[in-house]
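Structure, as structure tokens:
These numbers come from the heavy atoms of this one structure, side chains and all, not from hydrogens, waters or symmetry mates. Remember, predicted model here, so these are calculated numbers, not experimental data. Here, residue 1 is the first one in the sequence, and each next residue gets the next number.
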Amino acid sequence: MTSNFKKSLVALAGALALAGTAQAADFSAAIKGDHRNKDYVARDQYRNPAETLEFMGIEPDMTVVEITPGGGWYTEILGPYLSKEGILYAAHFPENSESDYFKRSLKNFKAKLAANDKAYKKVIVTEFAPQTGREIAPAGSADAVVTFRNVHNWMYRNYADEAFASFFAALKPGGVLGIVEHRAKPGTSLEDMVKSGYVTQEYVIDLAKKAGFEFEEASEVNANPKDTADHPKGVWTLPPVMRLGEEDREKYLAIGESDRMTLRFRKPKS
């Protein structure tokens with residue numbers, strides 16, 4: 001091997017290492033940005049955004065769909081991260097919803113985007129209404145679809161199958177579906193899952209496979225072994241909701257946020 005060839009290999013390895021560092025730095029910059037809500041920042045210890053998005057394979061030049069972004073916890077990170085090379089579709093509540101909560105949430109989310117053009121310049125708001133068949137993004141356009149703690153809501157509203165079908169339709173062949181959800185104990189009944197907000201990992205995997213996805217990997221990055229998943233008011237007993245108020249407050253604060261599964265699926269390439 002010639003000296004020049006060795007130097008070329010070393011230079012290439014260095015360039016690749018720098019590229020990986022740059023991507024990690026991009027996550028760090030978005031997470032540490034001054035634009036973030038301070039109450040959201042306080043929850044980083046439970047939601048582990050950098051590790052979660054890295055596990056899902058999110059890269060800065062991707063087209064990503066975030067399902068039901070709510071107040072924009074993850075949008076505050078994904079928006080700036082994708083602002084140079086990528087696109088973020090925020091599939092929020094439908095504009096013509098009869099729910100006052102849905103309408104208020106969507107209005108506040110749009111105001112959040114409008115207040116910071118720099119951070120959210122590549123965010124496109126669409127609608128997530130799977131029972132209508134409406135597109136969350138143009139068919140076959142997305143590199144990744146991500147959703148955080150939402151599966152139990154679709155089960156409650158009886159459109160979980162339609163939701164997963166819409167993700168499959170939006171993704172390119174080979175695209176990624178990343179899911180974080182409150183984790184129930186194996187064998188938990190469907191009724192108890194809907195009531196408690198905790199869903200078994202097996203049930204989520206079955207929903208995805210039914211829609212055509214291949215299960216790729218599970219991560220324990222958002223696991224919480226302190227959570228027994230059997231609380232009086234379900235997952236809403238724990239922070240941040242704390243539905244019992246002052247009753248056993250210190251006990252539930254000590255547990256922290258819920259035990260969560262973190263899953264990655266893939267749309268087949270063919």
Side-chain angles (χ1 to χ4, degrees), residues 37 39-40 43 47 64-76 78-79 87-116 120 122-139 141-142 145-171 177-182 184 189-199 203-204 207-208 210-211 231-245 257-258 260:
N37 181 314
D39 290 338
Y40 289 0
R43 297 181 65 195
R47 304 195 69 175
V64 178
V65 185
E66 182 185 0
I67 305 299
T68 317
W73 199 99
Y74 260 101
T75 310
E76 287 187 352
L78 288 167
I87 296 172
L88 176 62
Y89 286 97
H92 213 290
F93 297 129
E95 190 86 51
N96 64 349
S97 172
E98 296 180 0
S99 165
D100 289 338
Y101 169 75
F102 282 12
K103 288 188 285 189
R104 184 170 62 253
S105 179
L106 177 60
K107 179 181 178 180
N108 291 341
F109 182 77
K110 287 184 174 180
K112 182 191 195 84
L113 301 186
N116 194 330
Y120 305 120
K122 301 294 283 292
V123 179
I124 300 170
V125 179
T126 59
E127 294 187 357
F128 177 65
Q131 69 275 32
T132 68
R134 199 168 291 134
E135 287 186 332
I136 54 176
S141 67
V145 172
V146 295
T147 189
F148 308 94
R149 301 158 32 254
N150 286 310
V151 178
H152 59 283
N153 293 319
W154 312 332
M155 293 165 63
Y156 173 76
R157 298 188 179 102
N158 293 312
Y159 53 58
D161 287 336
E162 291 85 353
F164 277 83
S166 73
F167 309 156
F168 195 87
L171 283 166
L177 170 62
I179 294 177
V180 176
E181 175 60 314
H182 312 294
S189 70
L190 180 60
E191 180 182 359
D192 285 343
M193 284 191 254
V194 172
K195 181 180 178 181
S196 70
Y198 288 96
V199 184
Y203 193 81
V204 177
L207 282 170
K210 194 189 306 184
H231 313 297
K233 298 292 183 179
V235 72
W236 304 281
T237 310
L238 298 178
V241 178
M242 302 288 288
R243 191 162 285 177
L244 290 177
E257 295 195 16
S258 66
R260 293 162 188 166

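- Under 4.0 Å is where a charged nitrogen must lie from a carboxylate oxygen, and between K112 and E76 at least one such pair does.
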When the side chains of residues 90-101 are checked against the rest of the protein, which donor-acceptor pairs come out under 3.5 Å, sequence neighbours left out?
unit_1	atom_1	unit_2	atom_2	d
H92	NE2	G70	O	2.9
E95	OE1	K110	NZ	2.6
S97	OG	S99	N	3.0
S99	OG	Y101	N	3.3
S99	OG	F102	N	3.1

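- In this structure F128 satisfies the ring-ring contact (aromatic ring centres under 6.0 Å, His included) test together with W154, sequence neighbours excluded.
- Minimum interatomic distance between G79 and L88 (heavy atoms only, all atoms of both residues): N-CD2, 3.9 Å.
- Of the candidates V204, D161, L190, N150, M155 forms a side chain to side chain contact (heavy atoms under 4.5 Å, CB included) with just one, namely L190.
- By the salt bridge (Lys or Arg N to Asp or Glu O under 4.0 Å) test, R157 pairs with no residue at all, sequence neighbours left out.
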Take V146 and Y74 through the test side chain to side chain contact (heavy atoms under 4.5 Å, CB included) and record every step on the way to the result. CA-CA 10 Å; V146 295; Y74 260 101; over 6 Å; no
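- In terms of the salt bridge (Lys or Arg N to Asp or Glu O under 4.0 Å) criterion, K122 has no residue partners (sequence neighbours excluded).
- Residues R47 and W73 approach most closely at NH1-CG, 3.2 Å, considering heavy atoms.
- Taking the salt bridge (Lys or Arg N to Asp or Glu O under 4.0 Å) definition, one finds that E66 meets it with nothing, sequence neighbours left out.
- Summarising the geometry of G71 relative to F109, their closest heavy-atom pair is C-CD1, 4.3 Å, with the distance given to 0.1 Å.
- Across all their heavy atoms, A211 and F164 have their closest contact at CB-CB, 3.7 Å.
- You'll find the side chain of H182 stays beyond 4.5 Å of the side chain of W236, heavy atoms only.
- Residues L244 and P232 approach most closely at CD1-CG, 4.1 Å, considering heavy atoms.
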Could you pull out all donor-acceptor pairs under 3.5 Å where a side-chain atom in residues 129-138 meets a protein atom, sequence neighbours excluded?
unit_1	atom_1	unit_2	atom_2	d
T132	OG1	A129	O	2.7
T132	OG1	R134	N	3.2
R134	NH1	E127	OE1	2.6

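- Across all non-hydrogen atoms, the minimal contact from T75 to L113 is CG2-CD2, 4.2 Å.
- Taking a 6.0 Å sphere around NZ of K233, one finds it holds 12 or fewer heavy atoms contributed by other residues, nucleotides or ligands.
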